Amino acid sequence: MSRTLITSALPYINGIKHLGTLAGSMLPADVYARFKRAQGIETLYLCATDEHGTTTELAAAEAGLDPATFCERAHKVQHDLGRRFGLSWDHFGRSSSPQNHRLTQQFARQLWEAGFIEERVTQQVYSNTDRRFLPDRYVIGTCPHCGYEAARGDQCENCTRVLDPTDLINPRSAVSGSTDIEVRSSKHLFLRQSVFSDKLRGWIDAKKGQWPLIVTSTALKWLDEGLQDRGITRDVAWGVPVNADAWGPNPDGQRPDVEGLAGKVFYVWFDAPIEYIGVTWEWADARAVAAGRTAADDQDWERWWRLPLAADVTYSEFMGKDNIPFHTVGFPTTLLGVNEKTDGKGVWSPASNAPWKLVDELKGFNYLDYYGGKFSTSQGRGVFMDQALELLPADYWRWWITANSPETSDATFTWEQFQAQVNADLADVLGNFVNRICKFAETRFDAAVPAGGEWGELERKLAADVDAKLAELTGFMEGREFRKATTALRQIWVLGNGYLTEAAPWTAFKADPQRAGVAVRVGLNLVALFAALAEPFIPFTAEKIAGAVGAPFPGRWPAGGVGLLDQLAPGQAVRAPEVLFRKVEDAQVAEWRERFGGPEA
RNA sequence: GGCUGGGUAGCUCAGCUGGUUAGAGCGGUGGAUUCAUAACCCACAGGUCGACGGUUCAAGUCCGUCUCCAGCCA
């Protein structure tokens, strides 16, 4: 039996995420996880907060908290919001967990001892006033090219030129504004990505046509430009400490400069992807504790990650396009590196008989814009997760975002389109269908599934049409084409409305109650089917729909064929649910546009 | 500047390895219906597929040039 491991890109700990983050990683991962579970496949869907780095340090300082406390609180907020959006994580972990610390340090040691990490001395800006090193973007000054006075040390926002902090005129600290800064030498570790270029290229080439175009072309672009070795340490306090004192010699017999590396931490982009494994360990530990043990056995989580135990696992990653390089080059290099070792003569060999798995299916997304521009925290532009839930239930957002998923190109959110589509699809087509047939069953058939009567041509045609659409829908789900999946699902709903209109049980009822009973029974079975098919997309509503006709929830994803519309036992009680989807009013749209910014913003 | 993606009906988008009258939803028009959240269902609505040139029996779909938009440049 195959298993499915699903991760979505880790949301950064700082700040509430906007709808774009939901669209580009968390929501599609959830839709897919729910689909796989409904198919009866053993599924593990994991996510975590990405907590390390300077941005966190500064945000914590601004909040008057130490980073650990800041992260703990922010993690709870994000966890809560995710739950309220129906994100069905098996575990929502933290990159600052002890498990991730151990893995990150273990991987770094193995990479060093295998000869894939080397030491280099780099020039870093140090602020005497702040008594800390400053990352490039926290050094600000005048751009030497255009004279813009607030240029950052990595790039000038005005002329977009890429800069080095030492290029700036009148440089100062972005933290304190102090000009008492200087350049100091600092020892750092570099991951030798360049030696993995050929292996990575072969791996990516094999995924062409299978992964989205944007994923393979982005990865190949990096490889074509020549992979550079990447600094994986930082002069920052909040992170996974570099544990060089625990490392053995590298293949050349060299030992790390323990003193020179003291007080440094790993770069967030080194430890964050490792948290995909770390969170699996956290999940296993949490289960073990729940079962009365103190901790998980390694095998409990390694069975998802290390071959040959994980040979039956298909690993799917979901992310926005900005994350693609780190998942196609950076993290795979780490895993390829720990799977290998070299001797002093440069001969490679497997490092272990249990190599780590690489991603099988990488789904990359473009951006969701807000009225053609970017969502912006600083400008208060666009809708953020907490605000969205204040306005409308999660299913409205889940549906619209999935139906407009930026799968092949950037997509745009506007309140007008949101209103039109949500009202039409959810309120008019789905909500009204459930309501009309349930109400009719209540008033004319004693609120129960009618018995008796035989299917006619109409029913056979409906079953065939639904079956065909279901096959289409299932195909889109398997292919992770969620936008198309919503279209197919909507078409199935339309088939239901069309059938009711044609079968017209309200007319048949007068002359041939038996005939009307067949139509109502089929209609109620459609309700049960809709609940099962809608569950990955709009789980909260799907549960209400299932409840209306006493269908199991969550139900199984139907395989199609005989019996598809014959699941409910005659006599089963029926109860029309309260209004499933209230329509979004024009006045609300006007108000929200005003509040969140419209086209002119 | 380099690179990546994209410019298809009023709007938002589908169109895989080139092949009958270029598709869907929304909007619009007409019809049908009254069970239902004034909802549902059906039909129609003609867009030189960014521009030009080329390859081919045949191009939105391949090649070249140009143009516009977006993003990326560690």
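First the proteins, then the strands, lettered A, B, ... as listed; each starts at 1. Here the structure is a predicted model, which is why all the values come from computation and not from measurement.
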Could you run down nucleotides 3-16 of chain B 5' to 3' and tag each one B, S or - for protein heavy-atom contact under 4.0 Å? BSS-----SSSSS-
Using centres under 5.5 Å plus planes under 30 degrees as the test, is Trp506(A) stacked with C35(B)? yes
Do [X] and [Y] get their side chains close enough for a donor-acceptor pair, meaning under 3.5 Å?
X: Ser186(A); Y: Asp235(A); result: yes
X: Ser194(A); Y: Gln228(A); result: no
X: Tyr12(A); Y: Thr56(A); result: yes
X: Tyr396(A); Y: Gln421(A); result: no
X: Asp395(A); Y: Thr541(A); result: yes

Spacing of Gln491(A) atom CD relative to C42(B) atom P, expressed in whole Å: 11 Å
Consecutive Watson-Crick or G-U pairs in runs of at least 3, all under 3.5 Å, in which RNA chain B is involved: B:1-7 with B:67-73, B:10-13 with B:23-26, B:28-31 with B:41-44, B:50-54 with B:62-66
Would Lys363(A) and Tyr32(A) count as a cation-pi pair here, with the cationic atom under 6.0 angstrom from the ring centre and within 45° of the axis? no
Determine the Euclidean distance between corresponding [atom1] atoms of [M] and [N]; express it in Å to zero decimal places.
N: C49(B); M: A59(B); atom1: P; answer: 12 Å
N: G6(B); M: A58(B); atom1: P; answer: 27 Å
N: A43(B); M: C3(B); atom1: P; answer: 48 Å
N: A9(B); M: G47(B); atom1: C1'; answer: 4 Å
N: U4(B); M: U20(B); atom1: P; answer: 31 Å
N: U48(B); M: A22(B); atom1: C1'; answer: 12 Å

Where the side chain of [X] is defined as all heavy atoms beyond and including C-beta, which of [options] is the nearest nucleotide?
X: Asn435(A); options: A36(B), A74(B), A24(B); result: A36(B)
X: Ala424(A); options: C41(B), C26(B), A39(B); result: C26(B)
X: Gln228(A); options: A39(B), A74(B), C41(B); result: A74(B)

Whether Phe440(A) and Phe445(A) hold their rings parallel, tilted or perpendicular, with breakpoints at 30° and 60°: tilted
Looking at C26(B), I'd like to know if its phosphate oxygens (OP1 or OP2) sit under 4.0 Å from a side-chain N or O belonging to Arg490(A). yes
Any ion pair linking Lys461(A) and Asp465(A) (charged N to carboxylate O, less than 4.0 Å)? yes
Return the set of residues passing ring-ring contact (aromatic ring centres under 6.0 Å, His included) with Phe476(A) (not counting sequence neighbours), or none when no residue passes. none
Base of A39(B) paired with side chain of Asn432(A) (donor-acceptor, under 3.5 Å): no
